[in-house]
Amino acid sequence: MYGGGGSIDAKAPIGLENEDPVKLQEFEDRIARGEKIEPTDWMPALYRKQLIRMIEQHAHSEIIGALPEGTWITRAPGFKRKLALMAKVQDEVGHAQLLYSAAETLGKSREAMIDDLINGKSKYSNIFNYPAFTWADANAISWLVDAGAIVNQLANSRGSYGPYSRALDRICKEEAFHLKFGHHCVIHMASGTKIQRQMMQEAITRWWTPLMHFFGPPDKMSKHTEILVRWKVKMATNDQNRQQFLDMYVPKIWELGLTIPDPNLRKNKETGQWEYTEPDWEEFKRVINGDGPLNAERLAVRRTAEARGRWVREALNSPKSAYVTPLA
Ligand code: FAQ
């Protein structure tokens, strides 16, 4: 499932040697002035390649991300929770569509992106390769995974590529509702019966390491951050986003009487930074390279969906289809 080649230990070569230096300078000046780059504007090949990689992975994450919570729709406790979860899952799939459209503006077709996902060539977020055993796991996703996603996406919605930043802007507005839904569910569990509190605690314990991984490898190990920050595609580094997440959500988790499974987690008053035990980055590498608890199952579900939907796509593309040959 590892796409793009290489490992998180290796810094990517910058690869700007073949670019016209005058055009490159103009492009970088526009970015420095905070202008948006639009699909028909000149851009270095590496900017295009990096954006396709990142937006495509993001789109795949939304679509695979619908799976762990999706399985809870029929089992969510009560009609209101079912309705809200169904709407949330539908939103996540909608986010994937927005993001695939944004990536298509850079020249890679949606079919090629889906092929790369189901054939294991493209990556998607590590976190969706873990199982949601209980309703509390689904709640941990709705609150904390959405929280992490918003930290990242809110920053990047101010980024330089117009179609991506506009898609993120809309996505963040919808994610804000998901966050409220997730927080409400977690409060309910954490203030419920002894068994509910225990379920919620176990879920937080299970999801903590994948959540720490979610923001990407530490900056010193990240191979793409340098160029992406320079071109304002990433508006914060992986470590900066991780710190912001800890700052915003650790106090809220503690407030609910829940414990985080890291004895070293504390805010250093002098530096203002959170200190924590480094999560196991070997586990992260295994999971993003296809060897996580549920990678095979997640991709199998997508392959089945792709196969079952083929007749619809073929019908739409058939010469007899009104979509291809509009009626006079
Ligand atoms: N998972 O050099 P860096 C959501 C890979 S949306 C898997 O630091 P970069 C909504 C990385 O691709 C969640 N792989 O990479 C929702 C690269 O591999 P490559 C998704 C990861 O790009 C909520 C290699 O490691 N959000 O959750 C991960 O500068 C609830 C080296 O890493 C986005 O995609 C990871 N966590 O920074 C849905 C946001 N981290 O390509 C349902 C946009 C790193 O060379 C329910 N993306 N890798 O083979 C980004 O901001 C960035 O791409 C990062 C990674 C921050 C994810």
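As the structure is a prediction and not an experimental result, all values here were calculated from the model. Order of listing sets the numbers, starting from 1, for every ligand and every atom in it. Positions are given from 1, in the same order as the sequence printed here.
Considering each of Thr225, Ile127, Asn152, the one bringing a non-hydrogen atom nearest atom 50 (C) of ligand 1 is Asn152. Between the choices Val151, Asp146, Asp239, the shortest heavy-atom distance to atom 23 (C) of ligand 1 belongs to Asp146. Across the listed options Met54, His60, Glu56, Lys223, Met54 owns the non-hydrogen atom lying nearest to atom 52 (C) of ligand 1.
Hydrophobic clustering places Trp207 together with Tyr276 (ILVMFWY residues linked when any side-chain heavy atoms are closer than 4.5 Å, directly or through intermediates).
Side chain to side chain, Tyr100 and His60 meet the donor-acceptor criterion of an N or O pair below 3.5 Å. Residues Ser101 and Gln97 have side chains that never bring a donor and an acceptor to within less than 3.5 angstrom of each other. Tyr124 and His58 form no side-chain donor-acceptor contact under 3.5 Å, judged by distance and modelled atom types alone. Judged by distance alone, the side chains of Arg30 and Gln25 never bring a donor and an acceptor atom under 3.5 Å apart. In this structure, a donor-acceptor pair under 3.5 Å is present between the side chains of Glu275 and Asn268.
The residues Arg166 and Glu38 are annotated as salt-bridged, a charged nitrogen and a carboxylate oxygen being separated by less than 4.0 angstrom. The existence of a salt bridge linking Lys108 and Asp116 is confirmed by a sub-4.0 Å separation between a basic side-chain nitrogen and an acidic carboxylate oxygen.
Residue Trp143 does not touch ligand 1, judged by heavy-atom distances below 4.0 Å. With a 4.0 Å cut-off on non-hydrogen atoms, Arg53 touches ligand 1 through its side chain and not its backbone. At a 4.0 Å heavy-atom cut-off, ligand 1 touches Phe284 through the side chain alone. Of the heavy atoms in Phe215, only backbone atoms (N, CA, C, O) come closer than 4.0 Å to ligand 1. Under 4.0 Å from ligand 1, the heavy atoms of Lys123 that appear belong solely to its side chain.
Shown in contact with Gly65 at under 4.0 Å from a heavy atom are these atoms of ligand 1, numbered in order with element: 42 (C), 46 (C). The Glu175 neighbourhood of ligand 1 comprises atoms 10 (C), with distances under 4.0 Å to a heavy atom of that residue. Atoms of ligand 1 lying under 4.0 Å from at least one heavy atom of His213, given by number and element, are 36 (N). The atoms of ligand 1 that sit less than 4.0 Å from any heavy atom of Tyr164 are 43 (C). Within the listing of ligand 1, atoms 13 (C), 27 (O), 36 (N) sit less than 4.0 angstrom from a heavy atom of Phe214. Using a 4.0 Å cut-off to heavy atoms of Ser222, the atoms of ligand 1 that qualify are 2 (O), 3 (P), 8 (O). Atoms of ligand 1 found under 4.0 Å from any heavy atom of Glu69 (numbered from 1 in listed order, with element): 46 (C). Below 4.0 Å from some heavy atom of Asn156 lie the following atoms of ligand 1, by number and element: 51 (O).
Using 4.0 Å as the threshold, His178 has no heavy atom nearer than that to any atom of ligand 1.
In the displayed structure, Lys82 atom NZ is contacted under 6.0 Å by more than 12 heavy atoms of other residues, nucleotides or ligands. Counting heavy-atom neighbours within 6.0 Å of Arg110 CZ, excluding the residue itself, gives a total above 12.
Residue Lys234 places at least one N or O, backbone or side chain, under 3.5 Å from an N or O of ligand 1. Taking distance alone, with nitrogen or oxygen atoms compared against 3.5 Å, Glu62 stays at or beyond that limit from ligand 1.
Panel note: side chain Asp219, backbone Asn238; a donor-acceptor pair is recorded below 3.5 Å.
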- Message: Under the criterion salt bridge (charged side-chain N to carboxylate O under 4.0 Å, His left out), I'd like the reasoning laid out for Glu174 against Lys88: C-alpha separation, chi angles, the key distance, then a yes or no.
- Response: CA-CA 9 Å; Glu174 293 184 354; Lys88 176 190 188 302; over 6 Å; no
